[in-house]
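Worksheet for the structure shown next.
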Amino acid sequence: MTNLPVGKRHFCELNDAGSHSIAAMLNEAIDRKKARMGLPRGVADKDAPLAGHVLAMAFEKSSTRTRVSFDIAMRQLGGSALILDSGTSQLGRGETVADTARVLSRMADAIMVRTDDHAKIDEMAYYASVPVINGLTDQSHPCQIVADLLTIIEHGKPLPGLELAWLGDCNNVMNSLVEAAGLMQFNIRIGTPTGYIPDARYVEAARANGAKVTVTHDAQEAARGADILVTDTWISMGQDHADAKLRELAPYQVNTDLMALAKADAKFLHCLPAHVGDEVSKEVFEGPQSVVFDEAENRIHAQKSVLQWCFGQLG
Ligand code: CP
Ligand code: NVA
């Protein structure tokens with residue numbers, strides 16, 4: 001596979017790639033997933049397009065899916081990955097982001113970072129001479145959303161004109177979904193309590209790109225006629241457990257009553273980890289409309305495309 005002549009490609013937000021490249025990532029993921037069906041997960045794809053490449057993954061927060069999917073993604077692309085935990089690396093002892101970026105750029109071919117303050121990703125990208133990938137910040141989770149879009153398409157729902165309902169907290173995953181709405185031309189209805197305000201930067205950008213973004217405090221209004229219902233934990237990593245917040249969000253639980261208002265073929269998505277009984281009822285989570293484990297598996301296929309784009313193998 002040839003590398004396209006491109007500059008340094010970071011994936012800190014979906015917009016760094018843009019709609020054309022996200023569409024290319026989704027097509028590539030569908031093709032690659034199909035082509036390797038039945039192979040053991042650690043076997044490389046036939047063309048091994050990232051043979052010999054190493055991804056360094058730095059985690060300042062916990063992870064199961066992001067950590068495993070990027071590792072398996074690199075193996076399937078013919079490369080390898082290594083992990084730096086803040087607790088066991090110098091990151092946790094205060095070595096600067098700038099120095100970490102410059103050191104990792106001399107030792108690895110790309111850097112994936114999961115951290116709290118989004119400014120750290122931007123700083124890492126500024127100082128790194130290799131691609132930097134956002135593996136989640138307090139602000140956004142673009143890699144998750146590439147997997148979500150792939151899952152939505154696989155379940156027979158084209159993105160343009162899609163009606164997607166987000167229920168619950170206004171968080172990092174929601175910000176990236178709003179960004180995706182603008183880039184991929186679908187509409188998003190956010191059902192969230194009074195006092196919960198989506199990040200205006202993402203909402204305004206999506207609207208400027210032509211997406212209809214509706215914010216309502218009525219969960220039923222958000223869910224009615226939707227193609228896709230999405231929720232996430234009510235307490236994100238780094239946030240304190242707060243009983244008052246749980247009480248405010250309780251009316252936004254995705255349950256069978258809410259699913260019944262959506263289209264008959266509507267699907268339920270959740271990035272996981274889930275708190276069944278809080279943001280989603282057991283009946284919905286375990287029910288026939290839930291595609292959460294397809295979504296989790298698709299992290300591998302989506303992350304492969306993100307990596308290929310970063311290395312200039314996708315336009
Ligand atoms: N959805 C997601 O990013 O999961 P992890 O926190 O387990 O990586
Ligand atoms: N909003 C969640 C997503 C976890 C993948 C969090 O930040 O904890």
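Atoms within a ligand are numbered from 1 in the order they appear, just like the ligands themselves. Residue indices begin at 1 and follow the sequence shown.
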Any atoms of ligand 1 less than 4.0 Å from a non-hydrogen atom of Cys271? List them with their elements.
1 (N)
Nearest protein heavy atom with distance in Å, relative to atom 2 (C) of ligand 1
Arg299 NH1, 3.3 Å
If the threshold is 4.0 Å, N to carboxylate O, is there a salt bridge linking Arg75 and Asp71?
yes
Would you mind telling me which of Asn134, Asn172, Asp199 makes a side chain to side chain donor-acceptor pair (under 3.5 Å) with Ser140?
Asn134
Considering only non-hydrogen protein atoms, determine which one is nearest to atom 6 (O) of ligand 1 and report residue, atom name and distance to 0.1 Å.
Arg114 NH1, 2.7 Å
Check whether Asn175 reaches the backbone of Gln139 with its side chain - one donor and one acceptor, N or O, closer than 3.5 Å.
yes
With atom 1 (N) of ligand 1 as the reference point, say which of His270, Gln144, Arg67 has the nearest heavy atom.
Gln144
Can you confirm whether His241 sits close enough to Leu246 that some side-chain heavy atom of one is under 4.5 Å from a side-chain heavy atom of the other?
yes
Applying the side chain to side chain contact (heavy atoms under 4.5 Å, CB included) test to Trp166, which of Asp232, Thr192, Leu229, Thr231 qualifies?
Asp232
Of all heavy-atom pairs between Pro142 and Cys12, which one has the smallest distance, and what is that distance?
CG-O, 3.7 Å
Atom indices of ligand 1 within 4.0 angstrom of Thr64 heavy atoms, with elements:
5 (P), 7 (O), 8 (O)
Is Leu272 touching ligand 1 with its side chain, its backbone, both, or neither, if touching means heavy atoms under 4.0 Å apart?
backbone
Any heavy-atom pair between the side chains of Asp169 and Lys245 that's under 4.5 Å?
yes
Has ligand 1 got any nitrogen or oxygen that is less than 3.5 angstrom from a nitrogen or oxygen of Leu136?
no
Who else is in Met107's hydrophobic cluster (ILVMFWY, side-chain heavy atoms under 4.5 Å, direct or via others)?
Val103
Reference residue Thr66; test side chain to side chain donor-acceptor pair (under 3.5 Å); the match among Gln144, Arg114, Gln303:
Arg114
Please list, in number order, the atoms of ligand 1 under 4.0 Å from a heavy atom of His141.
2 (C), 3 (O)
Are there any N/O pairs under 3.5 Å between ligand 2 and the protein, and if so, what are their distances?
| from | atom 1 | to | atom 2 | distance (Å) |
| --- | --- | --- | --- | --- |
| ligand 2 | 1 (N) | Asn171 | ND2 | 3.3 |
| ligand 2 | 1 (N) | Asn172 | OD1 | 2.8 |
| ligand 2 | 1 (N) | Asp232 | OD2 | 2.7 |
| ligand 2 | 1 (N) | Ser236 | OG | 2.8 |
| ligand 2 | 7 (O) | Asn172 | ND2 | 2.8 |
| ligand 2 | 8 (O) | Met237 | N | 2.8 |

Residue pair Glu163, Lys263: steps toward the salt bridge (charged side-chain N to carboxylate O under 4.0 Å, His left out) verdict:
CA-CA 10 Å; Glu163 296 290 335; Lys263 287 192 182 142; over 6 Å; no
Would Lys61 count as a contact of ligand 1 if the rule is a heavy atom under 4.0 Å away?
no
Side chain to side chain contact (heavy atoms under 4.5 Å, CB included) with Leu104: which of Leu84, Asp99, Val130?
Leu84
Distance from atom 4 (O) of ligand 1 to nearest protein heavy atom, with residue and atom:
Arg65 NE, 2.8 Å
